[in-house]
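Just below is one structure, and these are the notes that go with it.
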2 protein chains.
Amino acid sequence: MLTEFEHYLATQANLPNEAIRKISTLAMPRILRRNEFIFRAGEICRHKIFIVNGLLRTFNTTTAGNEHILQFSPELTWTLDVESYDRQIPSYVSIAAVEPSNILLWHKSTFNTLLTEIPAFKKLAEQLISRNIYHSRQRMLTILSGTPEEKYADFIRNYPGFLSRLPLRMIAAYLGISIKTLTRIRHTQLQR
Amino acid sequence: MLTEFEHYLATQANLPNEAIRKISTLAMPRILRRNEFIFRAGEICRHKIFIVNGLLRTFNTTTAGNEHILQFSPELTWTLDVESYDRQIPSYVSIAAVEPSNILLWHKSTFNTLLTEIPAFKKLAEQLISRNIYHSRQRMLTILSGTPEEKYADFIRNYPGFLSRLPLRMIAAYLGISIKTLTRIRHTQLQR
DNA sequence: GTTAAACAAGGTCATTTGACCATCATTCTA
DNA sequence: TAGAATGATGGTCAAATGACCTTGTTTAAC
């Protein structure tokens, strides 16, 4: 589990071996079963999370019980709720495993130490934030602009691998459309 | 124009007077007329932009001619297209003035110098990025979750002052609903 | 291996939404 | 000040969408 992470780090940033060792030594490994939560809405996000393998989802549940998915996080990516983590306030989203997953956790204080001690790691962290911002923007446009067909097509294009790993209802919850609409789209596409 | 900006800086960050002077000396003031563009989709975003007064919008126009608004930027806020600015690649959005506006511009190289020379300014910049991220998240949920009524209600709650400054069609373009739907909502609300 | 749960998909129907068009009011411009 | 442009709203109608229910299948859990 740690070797996968170390390999990821080595390919992503120009880090001395010693630094890589240190970062991974301080990680807390954890195994998640399907549907197991890392934290629930109302709790505070206390860790940075790296997904070694598996798939997580970040979502919000309305009082009416509807689920809206903000983000999927597959293997070799990071996740957390930024606002809750930064300010240590209760989160309004939950993060849970879609598939059985292996993850690594760092406590905020630990992670901050690493950031100050290892400049190249700080740089990597900043790059990840940037990518996240670009990505959110793009997603906002997609949600705003499209007909359901276009949203679905965008999803397939951007995340071709996810289709087979996710129940359709989660894709619908991600796209902001009803599952009925989604199956209708798929139905008409099959006929072509 | 510069004094307003200097006042803003003084209240937002713990900056020595000398630093404030320096930052504002390097700003390029510019006056925008209604509907005047700062840059258009396809061009590169070369500046950080501070709105002294007025109101800008960041938007995207589809090939079908539909406009989708990502963001409104009122007085005493910053704006730019992050991805285009960071990577100096063509932007897929445009930024234009909704009202006659006074703005300040800094070239990327100038701004970077300021960031490295003035740590407290760098800190402010990071705070602004964070807030932006929180804000995007929140907006994503709103767009995903709501009925048009809820989206409109959220808009009124979050930006009470904007309603009177914006044409309704822009509010519709921001919420991702048709103007017909928006007027219908307003109509039924009037009757209650 | 059996039972239970989760899931995809289809049917039906009421409601919502958007496209298109016309009208009236307001604002800007020459 | 007249004329043009912009903007808000309403009418009408067709299409899209979601809620609810049922069925058949796949997947997970014990």
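Bear in mind that the values here come from a model prediction, so they are computed numbers and not experimental data. Every chain is numbered from 1 and lettered A, B, ... according to where its sequence line falls, protein lines coming before strand lines.
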Which atoms of nucleotides 21-29 of chain C (N or O only) lie under 3.5 Å from a protein N or O atom, and what are those distances?
none

Legend entry - Integer-rounded Å distance: dT26(D) P and Arg169(A) CZ: 19 Å
Contact list (N/O, under 3.5 angstrom) for nucleotides 9-11 of chain C vs protein:
residue	atom	partner	partner atom	Å
dG10(C)	OP1	His187(A)	ND1	2.8
dG11(C)	N7	Lys180(A)	NZ	2.8
dG11(C)	O6	Lys180(A)	NZ	3.0

Inset, instruction - Could you go through the salt bridge (charged side-chain N to carboxylate O under 4.0 Å, His left out) check for Glu18(B) and Lys22(B) one step at a time? - result: CA-CA 6 Å; Glu18(B) 186 197 350; Lys22(B) 173 148 200 191; over 6 Å; no
Legend entry - Whole-Å distance separating the OH atom of Tyr152(B) from the C1' atom of dT16(C): 19 Å
Legend entry - Carboxylate-amine/guanidinium contact Lys151(B) Asp154(B), below 4.0 Å: no
Inset, instruction - Quickly work out the Glu150(B) CD to dT16(C) P distance and round it to whole Å. - result: 13 Å
Legend entry - salt bridge (charged side-chain N to carboxylate O under 4.0 Å, His left out) assessment of Glu117(B) paired with Lys122(B): CA-CA 9 Å; Glu117(B) 285 179 1; Lys122(B) 166 111 183 166; over 6 Å; no
Inset, instruction - Calculate the interatomic distance between Leu163(A) atom CG and dC7(C) atom C1'; express it in whole Å. - result: 14 Å
Inset, instruction - Might you work through the salt bridge (charged side-chain N to carboxylate O under 4.0 Å, His left out) test for Arg137(B) and Asp81(A), ending with a clear yes or no? - result: CA-CA 10 Å; Arg137(B) 276 259 162 156; Asp81(A) 180 51; 3.7 Å; yes
Inset, instruction - Decide yes or no on side-chain hydrogen bond (donor to acceptor under 3.5 Å, both in side chains) for Glu67(A) and Thr61(A), but give the supporting numbers first. - result: CA-CA 4 Å; Glu67(A) 181 177 312; Thr61(A) 308; 5.0 Å; no
Inset, instruction - If the plane angle is over 60° it's perpendicular, under 30° parallel, otherwise tilted; pick one for Trp106(B) and Phe50(B). - result: perpendicular
Inset, instruction - Whole angstrom is fine here: how far is it from CG in Leu182(B) over to P in dA8(D)? - result: 9 Å
Inset, instruction - Would you mind reading off the distance between Ile177(A) atom CD1 and dT16(C) atom C1', rounded to a whole angstrom? - result: 16 Å
Inset, instruction - Please say whether the positively charged group of Arg157(B), taken as NZ for Lys or CZ for Arg, lies over the ring of Tyr152(B), i.e. under 6.0 angstrom from the six-membered ring centre and within 45 degrees of the axis. - result: no
Legend entry - Geometric class of the Tyr159(A)/Phe162(A) ring pair [parallel <30°, tilted 30-60°, perpendicular >60°]: parallel
Inset, instruction - Is it possible for you to check whether Arg131(A) lies under 6.0 Å from the centre of the six-membered ring of Tyr134(A), through NZ or CZ, and within 45° of that ring's axis? - result: no
Legend entry - Glu36(A) CD - dA29(D) P separation (whole Å): 12 Å
Inset, instruction - Take the protein atom CG of Asn35(A) and the nucleotide atom P of dC7(C), then report the distance between them rounded to whole Å. - result: 8 Å
Inset, instruction - Mind running a 4.0 Å heavy-atom check of residues 56-68 of chain B against DNA chain D and sending the residues that fall below it, in number order? - result: none
Legend entry - cation_pi(Arg57(B), Phe59(B)) dist<6.0 Å, angle<=45: yes
Inset, instruction - May I ask you to establish whether Arg139(B) and Tyr174(B) are in a cation-pi arrangement, using a distance under 6.0 Å from NZ or CZ to the six-membered ring centre and at most 45° from the ring axis? - result: yes
